[in-house]
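On a predicted model such as this, the values are computed, not experimentally measured, just so you know. Lettering follows sequence order; numbering is per chain, from 1.
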2 protein chains.
Amino acid sequence: MTDRVETKAPVRRRKEARPQELTAAALSLFVEKGFAATRLDEVAARAGVSKGTLYLYFDSKEALFLAVIREGIVPIIEEGRKLLEAHADDPERMLREYLFGWWALFGSTELGGVPKLMTSEAQNFPEVAQYYVREVILPGKALMREVLDRGVAKGVFRQTNSELVTHILMAPLLHLALWRHSFAVCCQVPDMDPAAYLESFFDLVLKGLAVTPEGGK
Amino acid sequence: MTDRVETKAPVRRRKEARPQELTAAALSLFVEKGFAATRLDEVAARAGVSKGTLYLYFDSKEALFLAVIREGIVPIIEEGRKLLEAHADDPERMLREYLFGWWALFGSTELGGVPKLMTSEAQNFPEVAQYYVREVILPGKALMREVLDRGVAKGVFRQTNSELVTHILMAPLLHLALWRHSFAVCCQVPDMDPAAYLESFFDLVLKGLAVTPEGGK
DNA sequence: GATAAATAACTGACTGGTTAGTAATTAAAT
DNA sequence: ATTTAATTACTAACCAGTCAGTTATTTATC
């Protein structure tokens, strides 16, 4: 490096950063318009490159889809696990952290559009769907089940079919995210405050899971 | 030729039946493959006609989409309302009928794929989405709110934010339908029994909504 | 009641626009 | 000078929507 004039010229060649820039652009557009309706030209343009460049890093549109999931979501799961471990001794608190943490780390971000995306395209891209189930849905449910089981063990929650209840408890979270990325965008719906929604949900579930008062009917 | 074979010949012209046959074919395919991935040639073929015929009855692919919603779902809402009126004096029973009726009349049928469809395409077809919100989602929620309010009035359910709680209670129903039409199809997931799922959900909600025992904390 | 004319339902080849993916080419870095 | 990054121009396939023409059914005429 003899001379230093590079500050002005736009940096052109960024092999390391490109994949991340492209998956970020793809995530935005996939979430916004759906997978099928998103043109690879657009993805490239939003990342500031041409379509040809995109093909230097990803073999196909489907490969890009898979990368979006892998880069975007898989790391979040691990973060969530750590968050919960901090309250492993208090199941009620753990449940609360799950709900609000899910929203803070995932639902409220751009990633919150991924459930919509995956649900729509699962049939058309079975391999991506299987990856998503294995790496996201099952670990996420396992984490929820951990919360429930711990509550039962501590005598705070009553015994339930935890397989079914984990499914049921994930639903309002996913629904909140789906709603935001579908009808809330195009139809003027009475604005729903996520915090109030989660608070109501937490309240409902806590009472629904509470052990029946001492020997009561 | 002299011989008469007219009884054998398939009836060709069925002006009255066509739209219904076409929307039925479209529903199946839209649910199965998604709106964007469904070709109108396929829809026509499944209805036993050519693509040209489809355009005699529907102006565009979007118009067909709208017709699928209108013909398929809107009538169900009215059916649901009647079902609930039969138990207007018993809120717990009403809630139970809502959950299981929703599944029987809607979720378990082919129409159960429509929420997935609408969620995916709401952004791309705002007019269809607005119609769906107005004619399906809002009436459906109003019906649920009726159940809750009646329960509160009768002193069976505790007071809650019924706007938020209706949303929350719809979520596990929709989730069940979405699941069936996405991941359950392409990934070998441990089979989830809808009846058991609904039973668990009903149990959870009933306890979650119960008025706190006489003055208890 | 047979035949012809008119109409309604339907067909399938075609068009025009779109887009995933490729190949030829240029620019930059070492 | 060679390798790597990126662009541009291209291709091949796809599909919504059209339309000139065909077949079936109804109506009119004798």
Side-chain angles (χ1 to χ4, degrees), chain A residues 1-26 29-30 32-68 117 121 124-125 127-128, chain B residues 1-2 4-23 25-26 29-30 32-68 117 121 124-125 127-128:
Chain A
M1 313 52 171
T2 46
D3 48 353
R4 316 273 314 279
V5 265
E6 279 30 56
T7 51
K8 170 105 177 273
V11 179
R12 286 275 185 79
R13 320 181 76 214
R14 289 183 289 176
K15 190 182 177 187
E16 272 75 46
R18 286 279 180 255
Q20 215 279 319
E21 291 166 355
L22 285 163
T23 51
L29 286 164
F30 287 168
E32 186 182 318
K33 318 177 59 160
F35 180 78
T38 298
R39 327 267 155 254
L40 291 184
D41 278 312
E42 283 180 282
V43 174
R46 185 166 294 196
V49 297
S50 69
K51 191 173 63 169
T53 299
L54 198 158
Y55 276 90
L56 294 176
Y57 298 101
F58 302 98
D59 289 344
S60 66
K61 197 179 180 186
E62 182 170 353
L64 179 62
F65 191 6
L66 196 67
V68 165
L117 197 58
E121 301 295 347
N124 301 112
F125 301 94
E127 286 175 35
V128 181
Chain B
M1 308 333 181
T2 47
R4 316 276 307 276
V5 272
E6 60 202 10
T7 52
K8 172 125 174 251
V11 179
R12 287 275 184 79
R13 320 182 73 220
R14 287 183 289 175
K15 190 184 178 186
E16 272 75 48
R18 286 280 180 251
Q20 215 280 318
E21 292 167 355
L22 286 163
T23 52
L29 286 164
F30 287 169
E32 187 181 317
K33 319 176 59 161
F35 180 78
T38 298
R39 290 183 291 284
L40 292 184
D41 278 312
E42 281 181 284
V43 174
R46 185 168 294 196
V49 297
S50 69
K51 191 171 61 168
T53 298
L54 198 158
Y55 276 91
L56 295 176
Y57 298 101
F58 301 98
D59 289 343
S60 66
K61 197 179 181 185
E62 182 169 353
L64 177 63
F65 190 5
L66 197 66
V68 165
L117 198 56
E121 302 294 346
N124 301 114
F125 301 95
E127 285 175 36
V128 182

Subject >> Shortest non-hydrogen separation from Ala26(B) to Val68(B) and the atoms involved >> reply: CB-CG2, 3.8 Å
**OP:** Take the protein atom CD of Glu62(B) and the nucleotide atom C1' of dG17(D), then report the distance between them rounded to whole Å.
**Re:** 14 Å
Original post:
dA9(C) P sits how many Å from Glu21(B) CD, rounded?
Top reply: 14 Å
Original post:
How many Å lie between OH on Tyr57(A) and C1' on dT22(C), as a whole number?
Top reply: 18 Å
**OP:** Mark yes or no for whether Lys33(B), through its side chain, and Arg39(B), through its backbone, hold a donor-acceptor pair below 3.5 Å.
**Re:** no
Original post:
In whole angstrom, what separates Asp41(B)'s CG from dT18(D)'s P?
Top reply: 14 Å
**OP:** Would you tell me if any nitrogen or oxygen in the side chain of Thr53(A) comes within less than 4.0 Å of OP1 or OP2 on dA6(D)?
**Re:** no
Original post:
What is the nucleic acid contact for Leu40(B), judged by heavy atoms within less than 4.0 Å: base, sugar-phosphate only, or nothing?
Top reply: sugar-phosphate
Original post:
Taking OP1 and OP2 of dA6(D), is either one under 4.0 Å from a side-chain nitrogen or oxygen of Tyr55(A)?
Top reply: no
**OP:** Round to the nearest Å and state the distance from Leu54(A) atom CG to dA20(C) atom P.
**Re:** 10 Å
**OP:** Determine whether any donor atom in the side chain of Lys61(B) lies under 3.5 Å from an acceptor atom in the base of dG17(D), or the reverse, and answer yes or no.
**Re:** no
**OP:** Tell me which nucleotide among dC15(D), dA6(D), dG12(C) gets nearest to the side chain of Ser50(A).
**Re:** dA6(D)
**OP:** Mind calculating the distance between CG (Leu56(B)) and C1' (dT22(D)) to the nearest angstrom?
**Re:** 14 Å
**OP:** Might you work through the side-chain contact (heavy atoms from CB on, under 4.5 Å) test for Tyr55(A) and Leu40(A), ending with a clear yes or no?
**Re:** CA-CA 10 Å; Tyr55(A) 276 90; Leu40(A) 291 184; 3.2 Å; yes
**OP:** Using whole Å, report how far CG of Leu64(B) lies from C1' of dG17(D).
**Re:** 13 Å
**OP:** Measure from NZ on Lys51(A) to P on dT11(D) and round the result to the nearest Å.
**Re:** 14 Å
Original post:
Going through the checks in order, is the side-chain contact (heavy atoms from CB on, under 4.5 Å) test met by Val128(A) and Glu121(A)?
Top reply: CA-CA 9 Å; Val128(A) 181; Glu121(A) 301 295 347; over 6 Å; no
Original post:
Of the nucleotides dC10(C), dC15(D), dA6(D), which has the atom closest to the Arg18(B) side chain?
Top reply: dC10(C)
**OP:** Take Asp59(A) and Ala37(A), find for each the nucleotide of DNA chain C with the closest heavy atom, and name the residue whose nucleotide sits nearer the 5' end.
**Re:** Ala37(A)
Original post:
Closest heavy-atom contact between Ala36(A) and Ala36(B)?
Top reply: CB-CB, 3.9 Å
